[in-house]
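Please read these numbers as outputs of a predicted model, since none were measured by experiment. What's counted below: heavy atoms across the whole structure, side chains too, no hydrogens, waters or symmetry copies. In what follows, chains carry the letters A, B, and so on, assigned in the order in which the sequence lines appear, proteins first and then strands, with residues in each chain numbered from 1.
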Amino acid sequence: MQQIIEELNPGQREAVETTDGPLLVLAGAGSGKTKTLTHRIAYLVANGLAAPENILAVTFTNKAAGEMRARLASILGMDSAHRGFMPYMGTFHGVCVRILRQDGPALGVDSNFVIFDDSDRLATIRQILKQLGVVDKQASPRAILNLISGAKNELIEPQTYAQFASTPVQKVASQVYPKYNRQLSQAQALDFDDLIGKTVELLTNYPEVSKKWRSQFGYVMIDEYQDTNNAQYRLVKLLVDKHNNLAVVGDDWQSIYSWRGADFKTILNFDNDYPNAKVVKLEQNYRSTQEILDAADKVIKNNKNRSDKKLWTDVKSGKPVAIERVGDDRGEGEYIVSKIKTDVASGKREYGDFAVLYRTNAQSRSLEETLVRYGIPYKIVGGVRFYDRKEIKDLIAYLRYIYQPEDQSSFLRVVNLPTRGIGQKSLSNFFEWQAANNYSLWQALQLVQQCKSLTTKARTSLNGFAQLIKSLQALAEESKLDQLIEMLVNRLNYFDYLDDGSLQSADRIENVKELVSVAKEYAELGLPGFLEEVSLVSDLDGYEQSAQAVTLMTLHAAKGLEFPVVMMVGLEESVLPHSRALYEQSEMEEERRLCYVGMTRAKEELIMLHAERRMLYGGVQHNQPSRFLSEIDEDYLDSAQTSYAQVFEFGPKDAVSTIGLPELAVRDQVEHQVFGQGIIHALDGEIATINFFKAGQKKLNIAFAPVKKIG
DNA sequence: TCATTTAACGTTTTT
DNA sequence: CGTTAAATGA
């Protein structure tokens with residue numbers, strides 16, 4: 001037990017020894033955040049202050065939870081596979097699933113609910129938009145989804161949302177929102193946001209249920225608290241009400257998910273929120289050299305909205321941070337290749353020591369090409385997840401439908417796959433008949449023989465499909481998960497369906513085989529457990545650093561990781577910071593935090609690259625070097641570089657004054673002689689992208705176009 | 001009903 | 001430029 005405390009620095013130790021009451025740990029990058037949290041749990045358990053099962057530790061990824069579990073097991077000398085002796089460690093969503101499976105029925109949530117992912121949600125929204133006859137280009141399903149998701153993150157109900165929907169898109173979203181919820185509940189489905197929202201609802205309205213969970217989780221810890229959104233914040237409040245044994249750990253400087261509803265002010269307000277909270281700052285950094293820390297510090301200090309911290313380190317000083325200018329995006333790749341080749345050849349480094357970080361996934365392509373050309377092994381984190389591949393999603397949809405035959409989204413996905421001759425026409429006839437008779441989807445399907453409005457062929461096909469599902473349901477009851485999937489694949493002749501002779505089809509077949517072997521591993525979870533795992537797992541969860549390959553990923557994905565050498569590419573205005581953030585103070589500050597996160601991933605060497613030109617969207621762009629570079633090095637201003645500071649300066653109204661052009665800014669309302677009124681969506685020099693209320697989106701040259709600002 | 005062509009679009013995406 | 005979703009034709 002003594003060891004648990006001994007290895008800690010004074011701040012970490014204080015955090016660990018503060019066991020009761022609210023505790024805020026403001027933990028800078030690389031300050032041993034996870035270590036502190038794990039040791040705190042170990043301390044609670046080893047001192048007999050809490051039984052493991054009375055501790056709840058919430059992380060943001062399954063991977064983080066897994067790491068914590070492993071570390072805790074090693075401190076306590078236990079087997080990490082033995083989950084029974086472990087505190088509950090998982091994500092917010094994982095905890096909520098557990099609570100809802102048990103107590104959801106009180107709210108009318110079927111305990112066999114399925115979880116809708118983004119593509120299910122989009123499909124649902126598309127369907128509703130079609131029903132509503134919305135053709136407006138403004139109302140893209142993605143935009144609607146973001147609005148609905150935003151509302152759910154704020155725990156705003158459809159009725160309330162409708163009241164303050166003001167823009168045209170919001171109006172559409174307010175029409176979609178209630179219908180969307182109805183569709184989900186018909187399908188016995190919850191989306192990611194519902195998992196949190198329904199749990200909040202449950203704990204708010206059912207005192208006996210919340211009492212039960214509160215006494216279950218007598219000690220609660222939340223990691224990455226800066227990334228909690230409003231719904232999650234409410235959930236935490238409900239879980240710790242009365243005992244207030246809550247420890248939160250986070251760093252507002254690393255808050256990079258505000259676009260998902262996260263609000264780092266929650267962490268800054270913690271001590272107001274929970275009176276008598278103890279606040280501990282962890283400022284000693286164990287990761288990076290002083291040079292890297294200093295550079296990162298210079299960048300982040302330009303943010304106005306932030307807490308005050310000063311990171312320091314004992315690590316001996318190293319190389320200065322390098323800022324490199326290259327010709328174009330290809331040049332970035334070539335610089336990286338030569339750096340890696342040199343260091344690896346000299347025996348100084350191995351491939352796994354390097355990470356290449358970028359702002360957008362699209363940037364990975366040209367880097368990959370260059371790495372392939374020079375034979376540098378690499379792996380990419382992110383992009384298309386295993387479970388997002390079509391062939392896998394299709395099979396998962398089958399499994400889901402077997403599990404929950406009211407899930408219309410899965411039904412639509414698989415009913416004609418492989419082709420059974422059930423097309424749009426037959427389906428809409430079927431649905432009409434279903435609605436007319438007030439049958440649920442699964443009832444209707446079983447009674448489909450009675451449906452007169454279908455052709456004989458369609459009727460037989462649908463009935464065949466129903467029989468197939470029925471027999472697989474029986475199989476699911478009595479057999480192992482992997483046997484079920486194998487049987488499914490057989491019954492569908494799935495390999496034949498996938499094998500179209502193309503090169504990719506071999507990959508697809510491989511993927512399906514991979515799924516079967518994954519299913520073997522999860523066999524003891526059963527079908528429901530497996531489906532849960534699949535919908536709550538992320539690409540990052542499978543990521544392991546290996547010595548044999550360079551890692552490529554987005555800055556977002558890099559959070560929480562560290563590498564001896566970090567190379568950040570695309571340090572240019574409108575790449576990092578991203579063009580969409582140039583005109584908004586708060587978004588700019590988030591870009592800066594993103595830059596900060598990237599920089600603080602580096603242990604020994606940090607190289608920041610920018611290109612004079614780059615190919616983007618099929619055209620060549622000339623971007624100024626990122627403002628973040630000049631924040632690191634004031635002297636880092638050359639030739640054309642003096643101008644951007646003026647052009648992008650934040651004026652009183654974030655106005656962009658470009659000489660000789662009308663004064664316009666993103667989000668300004670404008671009027672056009674022909675197209676009528678609209679809002680500026682984006683500005684790129686003289687080219688403005690304007691969303692007109694009636695005429696839709698247009699790209700206009702504001703130097704010539706008859707547009708003027710209104711309002 | 002499916003395969004091919006055309007048009008639109010373009011940030012990040014822990015769950 | 002490359003991808004993906006809608007639209008069209010066989």
Determine the contact category for D193(A): base if any of its heavy atoms lies under 4.0 Å from a base atom, sugar-phosphate if only primed atoms, P, OP1 or OP2 are that close, otherwise nothing. nothing
For R142(A), check side-chain contact (heavy atoms from CB on, under 4.5 Å) against everything at least two apart and list the hits. D118(A), L122(A), S140(A), L145(A), N146(A)
Taking the side chain of R365(A) as its heavy atoms from C-beta onward, which of dT14(B), dT12(B), dG2(C) lies nearest to it? dG2(C)
Answer yes or no as to whether dT11(B) has its base stacked against H578(A), where stacking requires a ring-centre separation under 5.5 angstrom and planes under 30 degrees apart. yes
Below 4.0 angstrom from OP1 or OP2 of dT12(B), is there any side-chain N or O of N361(A)? yes
For R260(A), the side-chain contact (heavy atoms from CB on, under 4.5 Å) test, sequence neighbours excluded, returns Y257(A)
Distance in angstrom units between K457(A) NZ and dT1(B) C1', rounded: 8 Å
Within this structure, what is the CD-to-P distance between E224(A) and dT13(B), rounded to whole angstrom? 16 Å
So what does L122(A) hit on the nucleic acid, given a heavy-atom distance under 4.0 Å: a base, only sugar-phosphate, or nothing? nothing
Once ring pair (Phe, Tyr, Trp, His ring centres under 6.0 Å) is applied, do any residues pair with Y596(A), and if so which ones, sequence neighbours excluded? W253(A)
Find the distance M553(A):CE to dT12(B):P and express it as a whole number of Å. 15 Å
Can you identify which nucleotide, out of dC1(C), dT11(B), dA6(C), has its nearest atom closest to the M615(A) side chain? dC1(C)
d(NZ, K559(A); C1', dT12(B)) in whole Å: 12 Å
Establish, from distance only, whether the side-chain atoms of S453(A) and N429(A) form a donor-acceptor pair under 3.5 Å. no
With respect to the phosphate group of dT13(B), does any side-chain polar atom (N or O) of T554(A) fall under 4.0 Å of OP1 or OP2? yes
Specify the residue among R260(A) and E591(A) whose closest nucleotide of DNA chain B lies further upstream toward the 5′ end. E591(A)
Can you tell me how far P of dT14(B) sits from CG of N62(A), to the nearest Å? 11 Å
Roughly how many Å apart are dT11(B) and dA6(C), using the C1' atom of each and rounding to a whole number? 24 Å
On the nucleotide dC9(B), are OP1 or OP2 found under 4.0 Å from the side-chain N or O atoms that R142(A) carries? no
dT1(B), OP1 or OP2 - any side-chain N/O from R420(A) closer than 4.0 Å? no
Can you tell me how far C1' of dG2(C) sits from CD of E369(A), to the nearest Å? 11 Å
Mutual orientation of the aromatic rings belonging to F530(A) and Y522(A) [parallel < 30°, tilted 30-60°, perpendicular > 60°]: tilted
N-O pairing of D407(A) and R400(A) below 4.0 Å: yes
Suppose we screen for salt bridge (charged side-chain N to carboxylate O under 4.0 Å, His left out). Which residues come up paired with D194(A), at least two apart in sequence or across chains? K152(A)
Set of salt bridge (charged side-chain N to carboxylate O under 4.0 Å, His left out) partners for R459(A), sequence neighbours left out: none
Can you find an N or O donor on one side and an acceptor on the other, under 3.5 Å apart, linking the side chain of R580(A) with the base of dT11(B)? no
Under 4.0 Å, counting only non-hydrogen atoms across every strand here, what does G421(A) touch: a base, just sugar-phosphate, or nothing? sugar-phosphate
Could you state the atom-to-atom distance from CD of E589(A) to P of dT12(B) in whole Å? 22 Å
Proximity to DNA chain B (any heavy atom under 4.0 Å), residues of residues 250-259 of chain A only: Y257(A), W259(A)
